[in-house]
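Have a look at the structure below, then the notes.
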Amino acid sequence: MRKYEFGNVFDKILKKEIACDFLKEQKYAVAFKDISPQAPEHVLVIPSGPYINYIDFFERASIEEVADLLDLLACVRKERFSDCAAISNQGKFGKQEVLHFHIHLIGGIKQKTPEIGDQFCEKKLIPYELSRNYFARSKKILSLEDFIILDGEYEQGLRVMCVLLSPARRTFFDWCASRDFEKINRMLRDMASKCGELNIEAGGSRLVIGGSTNFYDNKKRFCLKIFYNACVGNMLGRD
Ligand code: 5GP
């Protein structure tokens with residue numbers, strides 16, 4: 001089914017066959033600047049292993065690889081961004097161009113409010129912030145101690161699978177900073193497994209780990225969102 005094709009641009013970058021502006025190189029992950037930035041700060045974080053997309057990675061990678069990538073992500077985010085969105089495109093609907101798993105860190109855009117969703121949503125089309133209605137309409141598909149997963153339709157066929165973290169943890173990055181990688185890895189594996197059950201990978205999707213919070217049950221909770229089932233447009237607004 002899935003087959004990683006060696007010789008793609010990021011494979012060449014990892015093998016130092018083409019030049020690139022590296023920011024940090026770790027054992028299992030590297031961070032470098034995007035060649036064509038879509039915002040003042042645009043960094044890519046990738047694993048050095050051959051994984052096609054985030055579902056492939058969270059399903060198959062070892063805990064050491066996952067921990068190294070998340071550690072690098074949290075570190076780059078802390079060093080270079082005050083607030084940013086972390087985005088991973090997958091497949092056709094997600095408009096993934098390079099078939100080596102990568103996470104975009106995008107920030108530095110002048111913000112009207114502290115909420116990252118706003119400046120990315122000038123066209124008001126990409127639902128980075130989900131309304132209460134979404135949560136009322138969606139179905140709980142997994143409930144565990146540290147998180148719950150919901151799935152529902154957002155609008156016009158576009159579906160969103162939401163991983164809501166425990167209220168005790170304000171953001172995904174706070175959780176990464178706690179270095180509780182065993183639990184985080186389990187959560188990401190469960191998330192990838194639900195992607196498999198819902199056959200999300202076949203059409204394509206976008207994983208968004210935004211820089212802001214969402215409302216749920218009158219409490220502020222942070223969540224990871226996976227948009228799928230319809231084209232999600234470009235990263236700065238749906239076209
Ligand atoms: P995707 O659409 O697959 O999520 O994003 C691929 C990203 O890789 C794009 O933002 C694109 O600008 C970036 N990219 C493509 N080729 C190169 C390259 O040779 N060097 C660097 N640094 N980035 C690249």
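Whatever order the structure lists them in is the order used to number ligands and atoms, beginning at 1. The residues of the chain are indexed from 1 along the displayed sequence.
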**Message:** Between Tyr51 and Phe10 (judged by ring centroids, cut-off 6.0 Å), do the two rings come close enough to count as a pair?
**Reply:** no
**Prompt:** Given the side-chain rings of His102 and His100, with only the six-membered ring counted for Trp, is the space between their centroids under 6.0 Å?
**Reply:**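 For His102 and His100, the ring centres are not under 6.0 Å apart.
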**Request:** Name the option, out of Glu97, His104, Gln96, Arg206, that contains the heavy atom nearest to atom 4 (O) of ligand 1.
**Result:**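 Answer by nearest heavy atom: His104.
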**Complete:** In terms of its nearest heavy atom to atom 16 (N) of ligand 1, the top option of Asn53, Val9, Asn8 is Val9
**Message:** Among Leu188, Ile103, Asn185, which residue satisfies the side chain to side chain contact (heavy atoms under 4.5 Å, CB included) criterion with Leu70?
**Reply:** Leu188
Can you name the atoms of ligand 1, numbered from 1 with element, that are less than 4.0 Å from a heavy atom of [X]?
| X | value |
| --- | --- |
| Asn89 | 1 (P), 2 (O), 4 (O) |
| Lys95 | 2 (O) |
| Ser36 | 12 (O) |
| His102 | 1 (P), 3 (O), 4 (O), 5 (O), 6 (C) |
| Phe32 | 22 (N) |

**Request:** For ligand 1, indicate whether the residue Phe10 contacts it via side chain, backbone, both or neither (heavy-atom separation under 4.0 Å).
**Result:**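 Only the side chain of Phe10 comes within reach of ligand 1.
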Mind checking whether [X] and [Y] have side chains closer than 4.5 Å, heavy atoms only?
| X | Y | value |
| --- | --- | --- |
| Val160 | Tyr154 | yes |
| Ile87 | Leu105 | no |
| Met161 | Lys225 | no |

**Prompt:** Hey, quick one: are Leu224 and Ile141 part of the same hydrophobic cluster, counting side-chain heavy atoms closer than 4.5 Å, chains of contacts allowed?
**Reply:**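 Yes, Leu224 and Ile141 fall within the same hydrophobic cluster.
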Contact (N/O only, under 3.5 Å) between [X] and ligand 1:
| X | result |
| --- | --- |
| Ile13 | no |
| Ile35 | yes |
| His42 | no |

**Partner of Tyr228 by side-chain hydrogen bond (donor to acceptor under 3.5 Å, both in side chains), out of Gln90, Arg159, Arg206, Glu201** =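 Filter result, single survivor: Arg159.
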